[in-house]
> 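Encoded as C-alpha cells, here's the structure I'll be asking about.
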Amino acid sequence: MTPHIMRLPPYDNFPTIYDEKLTLRQIQYSDLKDIIEISFYDSVQAKTMIQVTEMQNKIHQDYLYGSSIHWGIADKLTGKIIGTCGYYRGLCNGEGELGCILLPQYRGQGFMTSALSLAIEFGINNMGLKRIWASTTKQNNNAIKLLERLGFVKMVDLDFNEVEYELRQSIY
C-alpha cells in the first residue's frame, strides 16, 4: 500500500477544473461585481465592491497560507461566475470542509452537483484528503439533498441549529 501523500495549496498554477457544464477557476477582479450578493468571509456578507474586494484578498491570503482553496464556478456557456465552492478548513489535518454558494437564479439546474463533484474528485485525487465534510443548517433542505446525492451522510447535530455531513464514499 502506498503512503498517503498530501498535496495542499498553494500550487505553482491555480488549479482550473471543468466538465461539460462548468469550469472551476480562480476568481478575478473583473468577476467580483457578479458575486457581491454571495460573497462572505467569516459569516459576514459583502455589501459593496470595496468589501467584496477585501474579502477576496483575505480568501487569496488563506490560499497562499495553504489553509483553503476557493474556486469561482463559471458557466461554460457565458464564462460568468455564478457561484463559489472550495475547501475552507481542516487542510492541515488532511481533511477539508467543503463549502459552496450559488446565485439564486442558477439554483436547481445541476450546477452545484457538477461543481462539488469536481471539487470532491480534486480533493481526493489531487490534494490527498482523507476526510471531506460539510455543515449546513437543519432547515436548508436543498443543501442536505445535494450532500446526500453526492454520498454524504449525516454525522452529528451541531450548535446553532447546524448539522454536519461527511462524505462516505470509498475514498481510497
> Locate the shortest heavy-atom distance separating M112 from C100; write the atom from each residue and the value.
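Scanning both residues completely, I find the closest heavy atoms to be SD-CB, 3.4 Å.
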> Does the side chain to side chain contact (heavy atoms under 4.5 Å, CB included) test come out yes or no for E148 and Y165, once each step is laid out?
CA-CA 8 Å; E148 289 174 346; Y165 280 74; 3.6 Å; yes
> For the CG atom of D75 and the OG1 atom of T23, what is their distance to the nearest 0.5 Å?
9.0 Å
> Could you state the interatomic distance from OH (Y11) to CD1 (I69), rounded to the nearest 0.5 Å?
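Interatomic distance, Y11 OH to I69 CD1, rounded to 0.5 Å: 5.0 Å.
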> Apply side chain to side chain contact (heavy atoms under 4.5 Å, CB included) to the pair L116 and F152, showing each step before the final yes or no.
CA-CA 12 Å; L116 293 187; F152 285 77; over 6 Å; no
> Treat each ILVMFWY residue as a node, draw an edge where side-chain heavy atoms are under 4.5 Å apart, and state whether L103 and I27 are in one component.
yes
> For a quick test of reading the model, state the closest non-hydrogen atom pair linking L118 to I17 and the distance between them.
O-CD1, 3.6 Å
> Do other residues, nucleotides or ligands put more than 12 heavy atoms under 6.0 Å from L64 CG?
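Yes.
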> Under 3.5 Å, which donor-acceptor pairs do the side chains of residues 76-86 form with other protein atoms, sequence neighbours left out?
{"from": "K76", "atom 1": "NZ", "to": "D19", "atom 2": "O", "distance (Å)": "2.4"}
{"from": "T78", "atom 1": "OG1", "to": "K80", "atom 2": "N", "distance (Å)": "3.1"}

> Measuring from E162:CD to N140:CG, what's the distance to the nearest 0.5 Å?
10.0 Å
> Are W71 and I36 connected in the hydrophobic side-chain network, where two residues link if heavy atoms are under 4.5 Å apart?
yes
> Can you pull out every ring-ring contact (aromatic ring centres under 6.0 Å, His included) where at least one residue sits in residues 76-105? Sequence neighbours excluded, please.
H70-Y88
> Okay, side chain of Y29, backbone of T53: is any donor-acceptor separation there less than 3.5 Å?
no
> In terms of hydrophobic clustering (I, L, V, M, F, W, Y; side-chain heavy atoms under 4.5 Å; direct or indirect links), are M55 and I35 co-clustered?
no
> Can you measure from OG1 (T113) to CZ (R149) and round to the nearest 0.5 angstrom?
4.0 Å
> Any idea which heavy atoms bring A46 and Q51 closest together, and the distance?
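What the structure gives for the nearest pair is C-OE1, 3.7 Å.
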> Ignoring hydrogens and angles, tell me if any N or O in the side chain of E166 forms a donor-acceptor pair with the backbone of V153 under 3.5 Å.
no
> Say you draw a straight line from CE of M49 to CG of L32; how long is it, rounded to the nearest 0.5 Å?
5.0 Å
> Give every donor-acceptor pair under 3.5 Å between a side-chain atom in residues 89-97 and any protein atom, sequence neighbours left out.
{"from": "R89", "atom 1": "NE", "to": "E97", "atom 2": "OE1", "distance (Å)": "2.7"}
{"from": "R89", "atom 1": "NH2", "to": "E97", "atom 2": "OE1", "distance (Å)": "3.1"}
{"from": "E95", "atom 1": "OE1", "to": "R131", "atom 2": "NH1", "distance (Å)": "3.4"}

> Given 3.5 Å as the limit, does a donor-acceptor pair link the side chain of R7 with the main chain of N126, or not?
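Such a contact is found between R7 side chain and N126 backbone.
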> Considering all heavy atoms of both residues, which atom of S39 and which atom of V52 are nearest to each other, and what is their separation?
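Closest pair (atom of S39, atom of V52, distance): OG-CG2, 3.1 Å.
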> State plainly whether one hydrophobic cluster holds both V44 and F40, where clusters connect Ile, Leu, Val, Met, Phe, Trp and Tyr through side-chain heavy atoms under 4.5 angstrom apart.
no
> Please name the pair of heavy atoms, one in Q109 and one in Q105, separated by the smallest distance, quoted to 0.1 Å.
NE2-O, 2.8 Å
> With no hydrogens and no angle check, is any side-chain donor or acceptor of T137 less than 3.5 Å from a backbone partner on N161?
no
> Hey, mind stepping through L146 and L150 against side chain to side chain contact (heavy atoms under 4.5 Å, CB included) and telling me if it holds?
CA-CA 6 Å; L146 170 67; L150 290 167; 3.9 Å; yes
> Can you tell me how far apart CD1 (I59) and CD (Q26) are? Round to the nearest 0.5 Å.
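Interatomic distance, I59 CD1 to Q26 CD, rounded to 0.5 Å: 11.5 Å.
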> Taking it one step at a time, do D157 and K138 satisfy side chain to side chain contact (heavy atoms under 4.5 Å, CB included)?
CA-CA 9 Å; D157 289 317; K138 293 175 185 172; 3.3 Å; yes
> Under 4.5 Å between side-chain heavy atoms, hopping through other hydrophobics if needed: is there a path connecting L24 to F122?
yes
> Y41 versus D62: any side-chain heavy-atom pair under 4.5 Å?
yes
